[in-house]
Protein chains: 2
Amino acid sequence: MNIKFLFKLLRNLNSKTFDKGESIIKEGDKTNNVFYIRKGLVRSFLINDKGEEITFQLFAEKQLFGNVHTILFDEPSKFTFETLEKTKVYFTDVKTFQDLSSDNLDFQKMDSRIFGRQILKQAFQRIDSFVFLSPEKRYQQYLKDYPNMINRVPDKYIANVLGITPVSLSRIRQRISKKKY
Amino acid sequence: MNIKFLFKLLRNLNSKTFDKGESIIKEGDKTNNVFYIRKGLVRSFLINDKGEEITFQLFAEKQLFGNVHTILFDEPSKFTFETLEKTKVYFTDVKTFQDLSSDNLDFQKMDSRIFGRQILKQAFQRIDSFVFLSPEKRYQQYLKDYPNMINRVPDKYIANVLGITPVSLSRIRQRISKKKY
DNA sequence: TAAACTCATTAACAAAAGATAATAAAGGTT
DNA sequence: AACCTTTATTATCTTTTGTTAATGAGTTTA
């Protein structure tokens with residue numbers, strides 16, 4: 001990655017800090033930004049037909065996130081993205097992201113590598129966990145993959161991400177702790 | 001999309017027909033091809049620690065597939081891709097795919113749109129279905145999304161894709177047929 | 001400080017899923 | 001046609017999950 005490119009990147013990168021509980025993207029928005037979390041915690045969720053909030057995904061430091069429904073399919077966001085802690089993000093709109101890509105081959109690789117890759121990798125790992133693992137194993141896998149998440153986030157959010165109810169997650173935790181002997 | 005580009009695409013595109021039951025990609029392979037199904041049916045699967053084949057995904061006409069583990073992460077394929085019917089595919093290796101992309105802006109859009117998009121869209125829809133839907137609803141959703149699949153593929157493969165056992169899928173089918181009155 | 005709220009746990013019951021095995025139906029092979 | 005194989009269904013039993021509600025710990029708010 002050359003210096004010229006780095007300057008261009010820096011010229012186009014914005015940063016912003018959100019307080020705990022603020023919405024970065026709201027359901028229905030058509031924002032095109034790609035966000036990088038410098039510090040903090042974000043969850044995406046929607047409200048289902050029963051009026052319940054269902055958490056779809058959790059993002060922490062060094063992770064990229066964005067409104068995939070708009071970025072990839074030009075549709076309004078199905079999810080709201082809300083901070084669970086005071087959160088500092090770097091961001092730029094996807095067009096700039098793509099302009100940088102076509103100017104710079106290194107960045108083009110990064111484009112697919114960082115944005116596409118990271119998101120695809122997470123997506124595939126997650127589908128894997130639903131297809132190949134029981135809820136109990138899936139929880140243990142999640143603990144391994146995101147060991148710090150459990151201490152920063154209410155269990156009910158984790159339960160949603162794993163596709164089970166909070167009550168069931170609580171029972172799984174109990175079962176695991178009994179098995180430890 | 002201009003004519004020059006079309007010719008270049010055609011020069012680089014291969015086609016091949018596989019008999020029923022042949023493997024297009026084998027677990028452990030590091031093939032870099034992107035495949036487009038002209039006619040036929042393909043399933044990806046792996047063999048778990050109990051020696052059982054678990055089907056991960058099913059692909060039919062007009063769908064793209066490829067060895068994501070190699071293409072995206074430069075790792076050997078976790079899955080075997082096997083035809084369930086006599087299958088004709090067009091394919092080209094990802095490098096050519098990417099060379100074409102950098103030569104041609106239209107194709108660059110297509111690159112992320114067709115390959116990235118289609119795969120990401122499917123991946124997200126699938127995660128959605130695990131997070132927001134019960135197995136029963138998930139099956140009904142699958143029927144809607146892939147209405148012809150059910151007639152071409154053994155139920156046990158569908159069950160794997162939905163993350164449930166074949167026995168459980170059979171019960172779901174029975175339950176649904178009773179509810180129809 | 002007291003009241004209100006959020007969240008994890010636990011209980012009780014119903015519903016659904018996993019595991020295993022037996023049976024039946026359908027396809028393919030010799 | 002007779003045989004073998006594969007697959008879907010059904011039954012039985014066990015385990016797990018969903019649902020609802022009650023409890024209690026911990027936080028937040030007035």
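The sequence lines fix the lettering, A, B, ..., with proteins before strands; numbering per chain opens at 1.
At distances below 3.5 Å, not a single donor-acceptor pair connects side-chain atoms of Thr17(B) with backbone N or O atoms of Lys88(B). Between the side chain of Thr92(B) and the backbone N or O of Leu13(B), no donor-acceptor pair lies under 3.5 Å. A donor-acceptor pair under 3.5 Å is absent between the side-chain atoms of Lys20(B) and the main chain of Thr83(B), judged by distance alone. A donor-acceptor pair under 3.5 Å links the side-chain atoms of Arg126(A) to the main chain of Val161(A), judged by distance alone. When atom types are taken as modelled, the side chain of Glu61(A) and the backbone of Gly40(A) share a donor-acceptor pair closer than 3.5 angstrom.
Applying the 4.0 Å criterion to OP1 and OP2 of dA17(C), one finds that Thr165(B) has every side-chain N and O outside that range. Side-chain nitrogen and oxygen atoms of Gln174(B) include none within less than 4.0 Å of the OP1 or OP2 phosphate oxygen of dT9(D). In this structure, Arg171(A) does not reach the dT17(D) phosphate: none of its side-chain N or O atoms is under 4.0 Å from OP1 or OP2. Residue Arg138(A) places no side-chain N or O under 4.0 Å from the OP1 or OP2 atom of dT17(D).
Closest to the side chain of Pro154(A), from the set dA19(C), dA8(C), dT7(D), is dA8(C). Among the nucleotides dA17(C), dA21(C), dT10(C), the one closest to the side chain of Val167(A) is dT10(C). Side-chain proximity of Lys156(B) to dT10(C), dT7(D), dA17(C): nearest is dT7(D). Considering only the side chain of Arg173(B), dT9(D) comes nearest among dT9(D), dA19(C), dT16(D).
For the pair Glu136(B) CD and dT17(D) C1', the computed distance is 15 Å after rounding to whole Å. Between the P atom of dA8(D) and the CD1 atom of Ile164(B) lies a distance of 12 Å, rounded to the nearest Å.
The residue Pro166(A) sits apart from the nucleic acid: no heavy atom pair falls under 4.0 Å. Contact annotation for Ser168(A): backbone-only contact, meaning every heavy-atom pair under 4.0 Å involves sugar-phosphate atoms and none involves a base.
A salt bridge is absent between Lys16(B) and Glu22(B): the closest approach of a Lys/Arg side-chain nitrogen to an acidic carboxylate oxygen does not fall below 4.0 angstrom. Ion pairing between Arg43(A) and Glu53(A) holds under the 4.0 Å rule for side-chain N and carboxylate O.
Direction of the helix axis in the helix from dT1(C)-dA30(D) to dT30(C)-dA1(D) shifts by 40° between the two five-pair termini, rounded to 10°.
When the nearest nucleotides of DNA chain C are assigned to Lys20(B) and Lys50(B) by heavy-atom distance, the more 5′-ward of the two goes with Lys50(B).
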